[in-house]
Amino acid sequence: MGRGGARVGAGRPPKSAVMALVHGSRDRGTRPVADAAAVEAAVAPVGTIELPAALPADQVEVWQALAPQALEQRTLTQATALAFRDLCEAIVVKRALLAIIQTDGYTISKVTLQMDEKGGGLQLVEPKAHPLLSQFRGMMQRVEAGLARFRLTGDGKAQGASDKPKEQTPLEKLQAQAKSMKRVK
C-alpha cells in the first residue's frame, strides 16, 4: 500500500517498533527519553527558602512544619513564597476560628420577641448554628486549595507499595540493552 497523496488514509507511514521505542510514538504511548542534563536538573536538590520578615510565631510554626514537604515537592520557590505565607496565615486563622467555635459551642441560642395584639410579647428561644461556622467553612476551603496548590495533601496511597511487581516497559528494556552495549565497548 502506497503512502502520501491527497486521499483518505494517506499520510506519513507508521514508525517501526524499534523507531517508535526510540523516538516515542502516539500509537505506543511512549515519549522520547530525556537527556542526562534534564534528568539531573529534575532531581537536583532545591535550596531552602528564607522565612519572610515579620512572620508571627504561630505562622512560623506552620511554615516550618510544611516548608520541607513543599520544597521536596518543588512547589515552594522564591516566586511562590508569598502564596505559601498566605497559606500559613489561612491555617492559623482557621485554627483560631475553630477554637472560638469550640469554646462557644457549635450552636447558640437565638432569642426572638413575638408581639401579640394586646401589646404583650413572648420570648422564643431557639438553637441556631454558630455564626462563625460559615467563615470557618470558607477558611477550610481556602486552606485545602492552598495545600493542593503546594501538593501537600497526598492521595492516601502508600508510596512505593504496590500489589504487583513492576514490569519493565519496552522502552526501559531498550534502555537497559543500550547501557549494557556501552559497557561492552
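Computed from a predicted structure; not experimentally measured.
To the nearest 0.5 Å, the span separating CD on E72 from CZ on R151 amounts to 11.0 Å. Rounding to the nearest 0.5 Å gives a distance of 14.5 Å between CZ of R142 and CE of M140. Going from atom CD of Q69 over to atom CG of L152 covers 6.0 Å, rounded to the nearest 0.5 Å. The CG atom of L51 sits 6.0 Å away from atom CD of Q64, with the distance rounded to the nearest 0.5 Å. The CZ atom of F84 sits 11.0 Å away from atom OG1 of T77, with the distance rounded to the nearest 0.5 Å. Here the CG-CZ distance, from L97 to R137, works out to 12.0 Å after rounding to the nearest 0.5 Å.
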Given R95 and V62, is the side chain to side chain contact (heavy atoms under 4.5 Å, CB included) satisfied, shown in steps? CA-CA 11 Å; R95 289 176 181 172; V62 174; 3.7 Å; yes

So W63 and R85, side chain to side chain contact (heavy atoms under 4.5 Å, CB included) or not? Walk me through it. CA-CA 7 Å; W63 180 288; R85 178 184 179 159; 4.3 Å; yes

Carefully, step by step, assess T112 and Q123 under the rule side chain to side chain contact (heavy atoms under 4.5 Å, CB included). CA-CA 6 Å; T112 56; Q123 279 189 342; over 6 Å; no

Should D104 and L132 be marked as a side chain to side chain contact (heavy atoms under 4.5 Å, CB included) after you check the CA-CA gap, both sets of side-chain angles, and the distance that decides it? CA-CA 10 Å; D104 295 347; L132 291 179; 5.5 Å; no

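In the hydrophobic clustering of ILVMFWY residues, with side-chain heavy atoms under 4.5 Å counting as a link, V93 and L133 come out together. In the hydrophobic clustering of this structure, V92 groups with F150; members are Ile, Leu, Val, Met, Phe, Trp, Tyr whose side-chain heavy atoms approach within less than 4.5 Å, directly or through other members. A chain of hydrophobic side-chain contacts below 4.5 Å, direct or via other Ile, Leu, Val, Met, Phe, Trp or Tyr residues, connects F136 to Y106.
At distances below 3.5 Å, at least one donor-acceptor pair connects side-chain atoms of T80 with backbone N or O atoms of T75. Under the 3.5 Å distance criterion, the side-chain polar atoms of E172 are matched with a main-chain donor or acceptor of T169.
Within 6.0 Å of CD in E61 there are 12 or fewer heavy atoms belonging to other residues, nucleotides or ligands. Other residues, nucleotides and ligands contribute over 12 non-hydrogen atoms within 6.0 Å of the CD atom of Q102.
Annotation: side chain of L147 is in contact with side chain of L66 (closest heavy-atom distance under 4.5 Å).
Across every non-hydrogen atom of I49 and Q78, the tightest pair is CD1-N, 3.7 Å. Closest heavy-atom contact between T153 and A148: CG2-N, 3.7 Å. Of all heavy-atom pairs spanning I108 and A129, the tightest one is CG1-O, 4.1 Å. Taking both residues in full, the closest heavy atoms of K94 and V143 are given as CD-CG2, 4.2 Å, listed atom of the first, atom of the second, then distance.
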